[in-house]
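Below is one structure, written out as structure tokens, with a few remarks after it.
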Protein chains: 4
Amino acid sequence: MSANGQERQPSRSFIEEARREQIVASAIAVIAEHGYPAATMGRIAQHAGVSRSLINYHFAGREDLIGQLVVDVFTRGAQAIVPRVETASTPAERLAAYIGANLDFIAGNRRDIVALVRVAAALDTADGLPGVDPAGADQGLEYLRRILRDGQDAGQFAAFDVHQMAVAVRNVIDGVSTQVATDPNLDLAMVTREVAALFHRATRDTGE
Amino acid sequence: MSANGQERQPSRSFIEEARREQIVASAIAVIAEHGYPAATMGRIAQHAGVSRSLINYHFAGREDLIGQLVVDVFTRGAQAIVPRVETASTPAERLAAYIGANLDFIAGNRRDIVALVRVAAALDTADGLPGVDPAGADQGLEYLRRILRDGQDAGQFAAFDVHQMAVAVRNVIDGVSTQVATDPNLDLAMVTREVAALFHRATRDTGE
Amino acid sequence: MSANGQERQPSRSFIEEARREQIVASAIAVIAEHGYPAATMGRIAQHAGVSRSLINYHFAGREDLIGQLVVDVFTRGAQAIVPRVETASTPAERLAAYIGANLDFIAGNRRDIVALVRVAAALDTADGLPGVDPAGADQGLEYLRRILRDGQDAGQFAAFDVHQMAVAVRNVIDGVSTQVATDPNLDLAMVTREVAALFHRATRDTGE
Amino acid sequence: MSANGQERQPSRSFIEEARREQIVASAIAVIAEHGYPAATMGRIAQHAGVSRSLINYHFAGREDLIGQLVVDVFTRGAQAIVPRVETASTPAERLAAYIGANLDFIAGNRRDIVALVRVAAALDTADGLPGVDPAGADQGLEYLRRILRDGQDAGQFAAFDVHQMAVAVRNVIDGVSTQVATDPNLDLAMVTREVAALFHRATRDTGE
DNA sequence: CATGAATGAGAGTTCATTCAT
DNA sequence: AATGAATGAACTCTCATTCAT
């Protein structure tokens, strides 16, 4: 029998958990280095130094593995970002914290982010696949929308469409991920300042 | 002897040109409807009502076909956008015109844009593929950078990093393409107003 | 595109028809010689001297190929048997003709029969697969039942259960196929006499 | 060191014997319910509630397990059938007893029989496998042949070929197993009467 | 200009089996 | 006595591409 399965076994052995993480890490590495289409089970296994079968032993299949990868990076991202946002008090500070925390996370997890972006691009391209967005992404967006809505309610932000502004913020952040994928030497500190300033100007209420 | 080839044969017969366009159009349709991974040569051929072999006769291979697709949409986009930008006089108007023209083109060519976005996502992911960006995209960015630089030189725009602002504008615009791919009923007129306003506020010099 | 497909194309090219028959023949040969489980696509292709892909080009998949095999042998069998039964006039003669024609067909098509029997055994073992029986086999049985029923109605046959007798006749005949599969030197002429005599005695009305 | 092996270790511990029977029973259950091809080691282990490895610990391999299954059912069958035949005195009665005992055993052990039939079908199909027949089946047949030969010697049976008649009897009986596998509601009492009557008429000497 | 026939490479998955613990 | 972890072989199928016609 395999160690994975439809029915979640509540407890996974230590060694299994380690292998799963190792394999997910290999998937991230291969995707970041060679691109999503090149991330075949064979290459991932090779990178992990294990047999192809072992991946199918620990995961229900390719889809399951990729799904775990997304959950993995997503979860770590949320854990890094949310606390920082929560420490800020005013909406404007929260927005800046959101942007800063996101870009810091990108800076500290370049490969993971590159992999995530590429997977996301490939997944929402798929025919019938629900991808990861409907649940995860929209939940992330809502978090951002709330910050913006709070700012408008507090009279600190201008009268823009909250959803479109949130989408813009996310697109710019995600775009930085892509930049990172292309240029490994990108000065993320500078980028953070610029992006934060951009949206500071774009959101503040100037009484116009 | 084949009619395609890396080395551009200066003249292509009328019927050949027609076939090429027909096939590119089919590729666009299939990618837009079923996603990039599902866009196999077989399905594209089927949609075009021709044999698979014919695609290989008219194009040097899959890569060539996709490349032509990108060039095709890109070229049409540039032809629609540049003239509108040129009619505007001040940098702020030119920026607004750039955004408006882009989103109008997206609105009027939803399927082409969806296909382009999906291809781009898959391509910059590819291993050794040069993609289409290095040449095309950077050229497009430079056009945008010049608008912004002119605005700063004229003292109308604030002191932001020109490259990062240009990237942000493009990412927001490209993000709209993705939104269009997901939600076919998106109100693009509203989106255009919001995006234009966003970058108007983000770029203007407020003397701060 | 492949030459097979869900939608039956009414006309198949000559060369295609030839290839299909050749591949089916190879499948029969491999199954007869090495058994059904050993009849992988690879071995069938190898026996036919073609590539594995070609089988998938001409057939929709393994299932389709095996299905064609069954239909093929079944059809040839019916064409060999029915006419001979029809020339007989009395039910007893028709029953004898049925048995004789069946065993003659088995004798003349040993390998095909062996393959058919093995496939049938493997198929009706499969979990959800309808196999080939529901349609084909029951239709064959009904043919036999009619002969027996006619004999009873005409007062020539004893009062046995028609269905069970028909099943018995078929099982004995199919058993001979299995014997043939095991012992290639079986004297089928003798077997034919014995089986015919057996069912002659078993069916005739002795007024008991 | 494993507890199984080709070389029979004279004594098997109690617990080991219990495990072996449990596993064989699970194999029977899985084959009867899901068919032979679906009866993988994994599914058998799962049904038995043990690990896959344990099966390989108690048996020399898949082949060994299946072989034990056949021997198991075969042995139980012989133990149920032979005594009943031995109580009968005349050859005709013995033949009837043989048929009746066989069908009764089938009736009382439907699942085991279904599994046995399916395994047999798959096995005599196998490439190099000796199957179980050469030894077991022929021994069973010989038992039947002796009954028939005795009947002819005693002048009670007609002058048919003893081997072919024996084969026919077995095929009809085995065919009933297949019927049982297909139709769980089969009226076996009726079938027993019909089959017994069939071979009574087919074997008796009518002085023709 | 266009096609049908054919191929080879490679993908994901399943399975019986082994081995250290 | 029993297991979890791991493997290697094999299988079916898809796809871009080639070539003779």
Side-chain angles (χ1 to χ4, degrees), chain A residues 1-3 12-16 18-19 37-45 49-65, chain B residues 1-3 13 15-16 18-19 37-45 49-65, chain C residues 1-3 12-16 18-19 37-45 49-65, chain D residues 1-3 13 15-16 18-19 37-45 49-65:
Chain A
M1 263 317 82
S2 68
R12 262 194 268 265
S13 85
F14 173 72
I15 187 166
E16 166 156 20
R19 269 280 190 248
T40 67
M41 299 295 264
R43 259 187 279 265
I44 294 169
V50 301
S51 69
R52 267 202 310 283
S53 326
L54 191 62
I55 302 186
N56 278 304
Y57 175 70
H58 285 294
F59 297 88
R62 180 174 219 275
E63 240 174 84
D64 185 29
L65 169 59
Chain B
M1 183 154 298
S2 73
S13 85
I15 186 165
E16 169 156 16
R19 272 283 192 239
T40 66
M41 299 294 261
R43 258 186 280 265
I44 294 170
V50 301
S51 72
R52 264 175 314 179
S53 321
L54 192 61
I55 301 186
N56 277 297
Y57 175 74
H58 283 294
F59 297 88
R62 177 173 221 275
E63 243 173 80
D64 185 29
L65 168 60
Chain C
M1 262 316 78
S2 68
R12 261 194 268 265
S13 84
F14 174 72
I15 187 167
E16 165 155 22
R19 270 280 190 247
T40 67
M41 300 294 264
R43 259 188 278 266
I44 294 170
V50 300
S51 70
R52 267 201 310 284
S53 327
L54 192 61
I55 302 186
N56 278 306
Y57 175 71
H58 284 294
F59 297 88
R62 180 174 219 275
E63 241 175 83
D64 185 28
L65 169 59
Chain D
M1 182 154 296
S2 72
S13 85
I15 187 166
E16 168 155 14
R19 272 282 192 241
T40 67
M41 300 294 262
R43 259 187 279 265
I44 293 170
V50 301
S51 71
R52 264 176 313 180
S53 320
L54 193 62
I55 302 185
N56 277 296
Y57 175 72
H58 284 294
F59 296 88
R62 178 172 222 274
E63 241 173 82
D64 184 29
L65 168 59

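Every chain is numbered from 1 and lettered A, B, ... according to where its sequence line falls, protein lines coming before strand lines.
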Counterpart base for E/dG12, defined by Watson-Crick or G-U wobble contacts under 3.5 Å: F/dC11
Side chain of B/R19 - closest among E/dA5, E/dA2, E/dC1: E/dA2
Atom pair NE2/CG of A/H58 and A/L54 - distance to nearest 0.5 Å: 4.0 Å
D/F59 CZ to D/R19 CZ distance, which is reported to the nearest 0.5 Å: 11.5 Å
Closest nucleotide among F/dA2, E/dT7, E/dA6 to the D/I15 side chain: F/dA2
Phosphate OP1/OP2 of E/dG4: any C/R12 side-chain N/O under 4.0 Å: no
A/S13 vs D/S13, nearer the 5' end of DNA chain F by closest nucleotide: D/S13
N/O donor-acceptor pair under 3.5 Å between B/R62 side chain and B/M41 backbone: no
Distance test, side-chain N/O of B/H58 to OP1/OP2 of E/dA2, below 4.0 Å: yes
B/V50 side-chain proximity, nearest of E/dT3, F/dA5, F/dT7: E/dT3
Nucleotide opposite E/dT18 in a Watson-Crick or G-U pair, distances under 3.5 Å: F/dA5
Phosphate OP1/OP2 of E/dA2: any B/Y57 side-chain N/O under 4.0 Å: no
Rounded distance [0.5 Å steps], CG in B/D64 versus CG in B/N56: 10.0 Å
Annotated protein contacts, base or backbone, on nucleotides 14-21 of chain E with a non-hydrogen cut-off under 4.0 Å, one of B, S, - each: BBBBBB--
